[in-house]
Amino acid sequence: MQSAEAIKATIEAMLCPVHDIYPSVYIVGNEIDIACCCPAFYETCTEQAKKMLSDDDLSDAIIVFG
Ligand SMILES: [Zn+2]
């Protein structure tokens, strides 16, 4: 089972291959807010978050573009 904090840590460890910038992830209630440098890398981050969410009980979490 993945906690929201584990998802945050995983996403924040991902590096944009284009810009060399790490995203910032904020957990607010059951929302995961990902702030990142470009839409393409945002897609990569949300795919990873969704993959982790699908394994656990956070499937109600809402992913919001920050
Ligand atoms: Zn980028």
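We count ligands from 1, going down the list as the structure has it; atoms in each ligand are counted the same way. Residue numbers start at 1 and run along the sequence shown. None of these values were measured; they are calculated from a predicted model.
Here the OH atom belonging to Tyr26 is positioned 7.0 Å from the NZ atom belonging to Lys8, to the nearest 0.5 angstrom. The distance from the CE atom of Met52 to the OG1 atom of Thr10 is 3.5 Å, given to the nearest 0.5 Å.
Sorting the N, O or S atoms of His19 by how far they are from the Zn ion (ligand 1) puts ND1 first.
The Zn ion (ligand 1) has no N, O or S atom of Cys36 closer than 2.8 Å.
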(Q) One pair to check against side-chain contact (heavy atoms from CB on, under 4.5 Å): Ile7 and Val25. What are the steps and the verdict? (A) CA-CA 9 Å; Ile7 292 170; Val25 179; 5.7 Å; no
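Rounded to 10°, the angle formed at the Zn ion (ligand 1) by Cys16 SG and Cys37 SG is 100°.
Follow the hydrophobic side-chain contacts under 4.5 Å out from Ile27 and you never reach Tyr22; the two are in separate clusters.
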